[in-house]
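One structure is given here, and the rest of the page talks about it.
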Amino acid sequence: MKLHVVSHPLVDDVLSSLRDARTPSTEFRRLAHRVSLLVTAEATRDLPTAPGEIETPLETTAVRRLSRRVVAVPVLRAGLGMLDAFLELVPSAQVGYFGLERNEQTAVARRYYEKVPKDLEDAVVYLLDPMLATGGSAAMAIEGLQDLGACHVRLLCVVAAPEGVAWLETAAPEAEVYTAALDRELNHRKYILPGLGDFGDRLFGT
Ligand code: PRP
Ligand code: URA
């Protein structure tokens with residue numbers, strides 16, 4: 001499994017505010033959007049384009065447009081905080097949804113909703129989930145996408161834990177992971193350290 005940790009001064013800057021416990025939800029949403037733009041830009045760097053031609057106000061010129069089907073699949077709830085940024089950069093993407101929820105005691109994920117485009121063989125599928133902790137949720141979502149034919153799955157995260165990366169190396173070796181930060185470890189409740197807390201709660205003010 002390929003792991004890409006996005007290295008950029010703007011990523012460092014936005015992470016400093018996202019991690020800050022004093023950042024209120026209104027601001028957290030804007031920051032989640034900002035970091036998602038940066039991760040999306042990195043994770044789409046190698047998408048193929050095809051040549052075309054357009055008329056500028058002055059003359060005809062050669063252009064290139066995205067030529068690959070792209071599907072974005074945010075994991076409810078927290079992944080919703082990354083979707084607008086993704087669509088801002090890839091407006092032609094189709095969108096599907098997985099609803100996954102970790103049990104608060106066991107940290108084991110349960111799937112409660114699925115609405116994803118079928119026949120994903122020809123698509124690059126971007127799974128949007130800001131937190132990769134144990135890796136259980138991501139592994140479950142990637143397996144669901146592979147069952148729908150997906151061969152090219154990229155997980156976009158904001159913060160990843162080494163434990164989750166190690167789990168995906170076994171559970172989903174063909175997937176690629178793009179993350180703004182690779183943190184130190186999980187605590188006894190399977191929260192990422194230093195992390196930023198519960199992303200969904202901070203995003204939605206719950
Ligand atoms: C969070 C996060 C991931 C999951 C990561 O979701 O958005 O989906 O935990 O943890 P894991 O790697 O240990 O599976 P959560 O279950 O808290 O649901 P929410 O997005 O609705 O808050
Ligand atoms: N989910 C979160 O939102 N935060 C963590 O630290 C771990 C899982």
Side-chain angles (χ1 to χ4, degrees), residues 1 3-5 14-29 31-33 35-36 39-40 43 72-86 95-116 125-146 153-173 175-206:
M1 187 204 67
L3 173 69
H4 309 258
V5 182
V14 70
L15 279 172
S16 72
S17 305
L18 271 171
R19 289 189 192 278
D20 191 333
R22 296 166 305 179
T23 301
S25 287
T26 45
E27 179 62 9
F28 191 89
R29 275 178 214 139
L31 296 165
H33 184 89
V35 74
S36 302
V39 177
T40 300
V73 181
V75 174
L76 306 178
R77 292 174 302 170
L80 290 178
M82 304 178 77
L83 180 62
D84 283 353
F86 189 91
V95 181
Y97 297 89
F98 271 128
L100 300 180
E101 183 179 41
R102 287 202 324 177
N103 179 298
E104 286 196 2
Q105 268 72 49
T106 62
V108 174
R110 157 186 91 85
R111 193 189 313 185
Y112 60 86
Y113 185 73
E114 177 182 333
K115 190 92 178 175
V116 181
V125 184
Y126 287 90
L127 186 63
L128 312 181
D129 193 340
M131 305 304 277
L132 175 63
T134 65
S137 304
M140 188 177 278
I142 292 168
E143 193 187 330
L145 294 170
Q146 289 171 340
V153 180
R154 295 175 174 186
L155 170 65
L156 306 198
C157 312
V158 175
V159 182
E163 292 88 336
V165 171
W167 179 244
L168 287 189
E169 267 161 7
T170 311
E176 289 188 59
V177 177
Y178 291 81
T179 185
L182 179 61
D183 274 10
R184 194 178 71 243
E185 61 183 343
L186 298 179
N187 71 7
H188 69 285
R189 292 180 55 223
K190 309 295 184 196
Y191 275 81
I192 301 172
L193 296 175
L196 48 72
D198 189 305
F199 197 101
D201 282 349
R202 296 193 67 190
L203 186 71
F204 294 111
T206 48

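As the structure lists them, so they are numbered: ligands from 1, and atoms in each ligand from 1.
Residue Glu185 qualifies as enclosed at atom CD: its count of foreign heavy atoms under 6.0 Å is above 12.
The main-chain N or O of Pro194 is never found under 3.5 Å from a side-chain atom of Arg19 such that the two would form a donor-acceptor pair. No side-chain donor-acceptor contact under 3.5 Å links Tyr126 to the backbone of Phe86. In terms of modelled atom types and a separation under 3.5 Å, the side chain of Arg102 and the main chain of Lys190 share a donor-acceptor contact.
For Asp20 and Arg202, the salt-bridge test fails: no basic side-chain N is under 4.0 Å from an acidic carboxylate O.
Looking only at side-chain heavy atoms (C-beta outward), Tyr191 and Leu193 stay at 4.5 Å or farther from each other. Taking 4.5 Å as the limit, every side-chain heavy atom of Phe199 sits out of range of all side-chain heavy atoms of Asp129. Val158 has its side chain out of reach of Val39: every pair of non-hydrogen atoms, C-beta onward, lies at least 4.5 Å apart.
In this structure, atom 3 (O) of ligand 2 lies nearest to the protein heavy atom Phe199 N, 2.9 Å. Nearest non-hydrogen protein atom to atom 5 (C) of ligand 2 is Tyr191 CD2, 3.4 Å. Taking atom 6 (O) of ligand 2 as the reference point, the nearest protein heavy-atom neighbour is Ile192 N, 2.8 Å. Here the protein heavy atom with the shortest distance to atom 1 (N) of ligand 2 is Met131 CB, 3.9 Å.
Distances shorter than 4.0 angstrom occur between a heavy atom of Gly197 and an atom of ligand 2. Residue contact check for ligand 2: Arg102 places a non-hydrogen atom closer than 4.0 Å to it.
The proximity of Lys190 to ligand 2, defined as any non-hydrogen pair under 4.0 Å, is limited to the backbone.
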Please produce the table of protein N or O atoms sitting under 3.5 Å from N or O atoms belonging to ligand 1, one pair a line, distance to 0.1 Å.
from     : atom 1 : to     : atom 2 : distance (Å)
ligand 1 : 7 (O)  : Asp129 : OD1    : 2.8
ligand 1 : 8 (O)  : Asp129 : OD1    : 3.4
ligand 1 : 8 (O)  : Asp129 : OD2    : 2.6
ligand 1 : 12 (O) : Ala133 : N      : 2.9
ligand 1 : 12 (O) : Thr134 : N      : 3.1
ligand 1 : 12 (O) : Gly135 : N      : 2.8
ligand 1 : 13 (O) : Arg102 : NH1    : 2.7
ligand 1 : 13 (O) : Thr134 : N      : 2.9
ligand 1 : 13 (O) : Thr134 : OG1    : 2.6
ligand 1 : 14 (O) : Ser137 : N      : 2.9
ligand 1 : 14 (O) : Ser137 : OG     : 2.5
ligand 1 : 16 (O) : Arg102 : N      : 2.7
ligand 1 : 20 (O) : Arg77  : N      : 3.2
ligand 1 : 20 (O) : Ala78  : N      : 3.0
ligand 1 : 21 (O) : Arg77  : N      : 3.3
ligand 1 : 21 (O) : Arg77  : NE     : 3.0
ligand 1 : 22 (O) : Arg77  : NE     : 3.4
ligand 1 : 22 (O) : Arg77  : NH2    : 2.9

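The CH2 atom of Trp167 sits 9.0 Å away from atom OG1 of Thr134, with the distance rounded to the nearest 0.5 Å.
Numbered from 1 in the order shown, with element, the atoms of ligand 2 that lie under 4.0 Å from a heavy atom of Ala133 read 7 (C), 8 (C).
Between His4 and Tyr178, the angle of the ring planes stays under 30°, which puts this pair in the parallel group of the 30/60° scheme.
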